[in-house]
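Have a look at the structure below before the remarks.
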Amino acid sequence: MKDFFNKETLDNIKQFCAENKKYVGVAGVLVGLILILIVVVAGGNNGRQSNTEAGSQTEISVKDFEFEKDYTNDAKDDISTLLADYYKAYVGDDLDTLGKLATPMSDNEKSYIGVVSQYYESVNDITPYTKNGLKKGTYFVSVKNSIKFTGVDTQAPTLDFFYIETGKDGKLFINNVYSNFNRTYCENALDDDIMELISKYTASSEFADLHEEVQKAYEQAVGSDANLKTMLETTLTGAIKQWYTSSGIANLKKSDADTQTTEADTQQADDASLSSDQQTTDANAGQTTDQQTTDANAGQTTDQQTTDANAGQTTDTNAANQQTAEQPQAPAEYQVVTKDVVKVRDGASTDAKELGLLKEQVTLTAYGTEGDWTIVSYSAGTNGRAYIKTENLQTVGQ
């Protein structure tokens, strides 16, 4: 293009115009415009190419990445279709379809779904809330839905989480490594960067608002229907307990305790499978506990006690049984209100995973304390329980 505008070419154009004045008129203007457009477009393309090259060299780190405040409608229809197909397959125990929609899926998770899904009649009111991830084509998705259990009139409001990616074929799929099931039992390795992004996502005020809305609806539903309460706390819990003690998951837990006796292992498995009051059933995981803390990275559990995640094994069976027998009865449920914006954690420690934030004046169901922490019902927590510093809560009625 540069050679086109040399002196000789321009002189020839001038001579042509001079010899054909009466014909130039509009044609001359058009030629001029065409020449100008050629220059502008060529320059613009060069500029765009330069900007593209510069942009490709700029990558945002996980540490610096911030989610957009508003939820996005990007890929909304495709995400909605994916989730509808997932829940339909989940309720129908269609493991072949589930394996295509959510991958990888371990044999243990498949067996768990087989146990739980027999009590599901349908999953309704599926509403996704999506934010774009760090990499193009990745999505962090919260899903409000309502579970209809067989023989129960009232549906249970729940809040699920999915990490969705775009495959090489351009189709969306659920990266099931980051399901609640695998984040609890860690059968597949978790990427630190993605886990940090999930922590950022769940720590946002938007997630806190969404969780608060679902939590209130959940507690209202459970409190209004004794059959729903029985389904969650007795029927479903009993099935999960039986699955846990007979599954490979229980064996994985036992292999971590080389010095622990068989009886103590059995007690640990029993503790891990007991039900929590006012819990949210998560269609991705659904594990339940009774007044326990579950370590999502190791899976060790305690009944009204703090267990050292690096040791925590008991070597004296009699002592372990005596300790279990001496545990106090679970305290009655009571209501607490947040006194300020508070952090919600997955364990009774400031080092425990941060699950999210709650605003001031949020009412929660509490089940007692563990050290300086209060155990509360929290649907996004491991097994429906979470911890808040007691000093940041006010007991209703006091």
Side-chain angles (χ1 to χ4, degrees), residues 90 93 95 98 102 104-120 147 149 156 158 160 176-177 179-188 190 229-258 260-305 307 309 312-314 317 320-321 323-324 327 330 346-347 367 375 377 379 381-386:
Y90 194 104
D93 191 24
L95 299 179
L98 275 177
M105 184 173 290
S106 70
D107 290 340
N108 282 322
E109 184 171 3
K110 289 178 180 179
S111 70
Y112 172 84
I113 293 172
V115 170
V116 174
S117 63
Q118 63 183 310
Y119 300 100
Y120 283 36
I147 300 177
F149 291 101
T158 67
D160 292 334
N176 211 46
V177 170
S179 67
N180 283 357
F181 187 95
N182 190 62
R183 282 187 288 143
T184 298
Y185 294 112
C186 297
E187 292 187 283
N188 294 295
L190 301 166
K229 189 178 180 71
T230 299
M231 171 60 73
L232 293 172
E233 298 174 11
T234 304
T235 306
L236 193 59
T237 298
I240 293 173
K241 176 180 177 179
Q242 184 176 0
W243 166 84
Y244 182 91
T245 54
S246 62
S247 70
I249 289 290
N251 294 330
L252 287 175
K253 297 290 181 279
K254 292 176 183 178
S255 67
D256 291 333
D258 294 333
Q260 194 169 7
T261 64
T262 301
E263 291 82 357
D265 274 330
T266 302
Q267 180 63 48
Q268 183 185 40
D270 288 342
D271 290 343
S273 62
L274 294 176
S275 168
S276 63
D277 293 336
Q278 300 293 332
Q279 70 165 4
T280 297
T281 302
D282 186 333
N284 289 326
Q287 303 90 13
T288 58
T289 61
D290 182 11
Q291 303 295 324
Q292 71 174 15
T293 300
T294 300
D295 185 318
N297 294 321
Q300 296 142 339
T301 59
T302 62
D303 184 7
Q304 301 293 325
Q305 69 180 8
T307 298
Q313 298 98 10
T314 56
T317 304
N321 292 336
Q323 183 181 28
T324 302
Q327 294 299 325
D346 199 35
Y367 306 99
I375 306 168
S377 175
S379 62
T382 303
N383 306 316
R385 294 294 175 90

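Keep in mind the model is a prediction, meaning the values are calculated, not measured.
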Would you check if Met105 and Phe181 make a side-chain contact, meaning some heavy-atom pair closer than 4.5 Å?
no
Validation row: Tyr367, Ser377 side chains within 4.5 angstrom (heavy atoms)
yes
Could you verify whether a donor N or O on one side chain and an acceptor N or O on the other, from Glu109 and Asn182, lie under 3.5 Å apart?
no
Does Leu190 form a side-chain contact (heavy atoms from CB on, under 4.5 Å) with Val177? I'd like the steps, not just the answer.
CA-CA 7 Å; Leu190 301 166; Val177 170; 3.7 Å; yes
With under 30° as parallel and over 60° as perpendicular, where do the rings of Tyr120 and Phe149 fit, or are they tilted in between?
perpendicular
Distance from Arg183 atom CZ to Asn176 atom CG, nearest 0.5 Å?
10.5 Å
When every non-hydrogen atom of Thr237 is compared with those of Leu232, the smallest separation belongs to OG1-O, 2.8 Å
Checking Asp93 now: which residues fulfil side chain to side chain contact (heavy atoms under 4.5 Å, CB included) with it, not counting sequence neighbours?
Leu95, Ile113, Ser117
With sequence neighbours excluded, what pairs up with Val115 under the side chain to side chain contact (heavy atoms under 4.5 Å, CB included) test?
Gln118, Ala239, Trp243
Applying side chain to side chain contact (heavy atoms under 4.5 Å, CB included), can you list everything that pairs with Thr230, at least two apart in sequence or on another chain?
Thr234, Thr235
The reported gap from OG in Ser247 to CD in Gln242 (rounded to nearest 0.5 angstrom) is 11.0 Å
